[in-house]
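Remember, predicted model here, so these are calculated numbers, not experimental data. To find a chain, count down the sequence lines: A is the first, B the second, and so on, and within it residues start at 1.
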Amino acid sequence: MESYIVSNWVVGLLLAGGAGLAWLVRRSRMWSQAFRDIWRRRRLALGLVALYVVVALLDSVAWVGGVHPGEDAVAKHQARSVIDRFFADSQERSYSAPLAETEFYGGSALRKPGSHLLGTDLIGRDVLYLSLKGARVALLIGGLTSLLAIPLALLFGVPAGYFGGRLDDVVFFVMSTLASMPGLLLLIALIMVLGKSTLAICFALAITGWVGFCRVSRGETLKLRELEYVSAARALGVSEARILVRHIVPNLMHLVIITFVLMFSGLVLSEAILSWLGIGVDGSWGQMIDQARNELSRDPVVWWNVSAAGVALFGLILAVNFVGDALRDALDPRTAREAE
Amino acid sequence: MSRSPGEPLLQVEGLRTWFPIKRGLLQRTTGHVQAVTDVDLEIAPASTLALVGESGCGKTTVGRSILRLTPAQAGRVSFEGVDLMKLSEAKLRGYRRHIQIIFQDPMASLNPRMRVRDSVAEGMRSFGIGRDEADRTERVKALFGKVQLDPGHIWRYPHEFSGGQRQRICIARALAVEPRLIVCDEAVSALDVSIQAQILNLLSDLQRDLGIAYLFITHDLGVVRYLADRVAVMYLGRIVEAGTTEQIFSRPRHPYTRALLAAAPSMDPDIRGEAPPVVGDVPSPSDPPSGCPFHPRCPEAMEQCERELPPVRQDAEGRVVCFLDSVVAPGAAESADPTGGEEFA
């Protein structure tokens, strides 16, 4: 199947999942209370995160054809997203400053003077367009990696904490071994082995990133398994598997959500570092910043490219962290009222 | 499957639960916390045995060991003649239905993420009680009626109930699998006095109606007097005296029992301050004193108490482990083996 069809399906599933989640949040008193709390305190951050998500989704819905009548054969068969189509006609020849009428070097006239809100880059691509496209990459890196790392951490951490003994020893050994290697070197090695695709990079980040949460979930499970409702369930003959699924994991969910948010912003930053080393994902903000190394040494300085990417990155991380902070306050039983 | 009429429902013999203390790089066992040592108990059907003692004396561990929630090192726990300690995990599951437990902290005894209907129905589900989920819902409603809760509240979450109500839910959860014995581990200690009385009345009503036996673990002697048929007094992991409630309260034989009764607040000035209060703290269960465990604090300790464990004296009144008593009535004492006799498990 063409990759853009997969991507369209993913968008559909995400929307359905989001609608389902919203329904669940509305139904649960605890979650709707938490949501109201966050909305009251952090509506700007929440709105900003939502904006990024919308941009990323718009960039993920793609279809073939229907751009201009006079295109070449290759372009005709290329799938283009909503964002691509919006900026289809924005190609220039080289650098131009934000809202400039002429090219930055040489001063020849632009094809569409004054229309590039954030200017254009070395090969004449609109910087606003590139920045918007970066949102999809960032959310993909952060989201997909967390979706790999968190279940992995729960899969090892929860049984290790609950059953203890040999299993715990083995899990702890694996965790300590992974944690003792320098993270960046391990990442580079993994990416060299797995290849440089987006998926491979997500996988590599997940391998290096699950240990922290595994340790947290193991510790929390150690605490939960001594609680009296777990003892009561054992006295009622409930199987170990069911105790894990019904009594332990649901009571780890607030940690899962907080970890997801914090891990997410950490991962987006890690990708920027990888791009700086030249092994990042194509089209990411990290890559735009990486290119700025040359641009900042030009005279006069080309500043809009790196600024746009930096602000986009900064905005996402800051907003996600604010939301995560509020979420933790809303979900932590110590700060929450009786709304447990 | 009840057998001869005089047979106890639950008989505990020589129960020993020691927790290893591991130290160092190789996690070598350097000692044990001797939580429970050579405990013998008997509970007749539809009766209440109270297990009393100070905090940290091992009462709770006895309860948990009987249910095998905490593994015991040695001893027999026979329920209707079957030794639960020797059963495989799978076989034990069938017996779990007959013995249930209610805990002290009603806030920690219910999963905050589960509707109380699901918490109560969980045991029914695991033992296949009830035809389907709808039938179980009806049963939960009936149980809510039985423990004097509003059956309309079964779909709520635990945080929507008060402490006393949660304790009723825990009782309903235990009753759901129709047990023969319920271990009540400090079941009313965390509640207000007025709520305590309601729960105690509920428990004794249930005993009358359903013929359930209780092992009532508590430090509150007022509760014991109200509810128990028999009492066992525990000190530092051992039973020091056991007898009928009437005997323990009116003619305590062990110095520790006397001290415990004297320490309990009383409304009657004549009862106050008869026995000298016990001084000092409970010794560490990881390094218990030689001989009688109570001798460092005993107002009547003799030289002999320091050297050897007193013999168990069993008579019509009950059982007491003290040299003092055997001096009073010599000859009747049987010898006690300080190592705990036969070892199982």
Pair B:S109-B:R166, side chain to side chain donor-acceptor pair (under 3.5 Å): steps then yes or no: CA-CA 8 Å; B:S109 321; B:R166 287 188 215 191; over 6 Å; no
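Of the atoms belonging to A:R246, heavy atoms from both backbone and side chain fall under 4.5 Å from chain B. Residue contact with chain A, scored on non-hydrogen atoms closer than 4.5 Å, involves the side chain of B:L67 exclusively. Contact annotation for B:R64: only side-chain heavy atoms (C-beta onward) come within less than 4.5 Å of a heavy atom of chain A.
Ion pair B:R125/B:E122 not flagged as a salt bridge, since none of the NZ, NE, NH1 or NH2 atoms sits closer than 4.0 Å to an Asp/Glu carboxylate oxygen.
In this structure, B:F79 and B:Y95 have perpendicular ring planes: the angle between them is above 60°, well past the 30° mark.
Comparing B:V177, B:I99, B:L110, B:D118 by heavy-atom pairs within less than 4.5 Å of chain A, the highest count is held by B:L110. Ranked by heavy-atom pairs under 4.5 Å with chain A, the first of B:M114, B:R97, B:E89, B:Q104 is B:M114. Each of B:G94, B:A174, B:A108 has some count of heavy-atom pairs under 4.5 Å with chain A, and the biggest count is that of B:A108.
Under the 6.0 Å distance and 45° angle rule, A:R26 does not count as a cation-pi partner of A:W23.
More than 12 heavy atoms of other residues, nucleotides or ligands lie within 6.0 Å of CZ in A:F163, so this atom counts as buried by the packing criterion.
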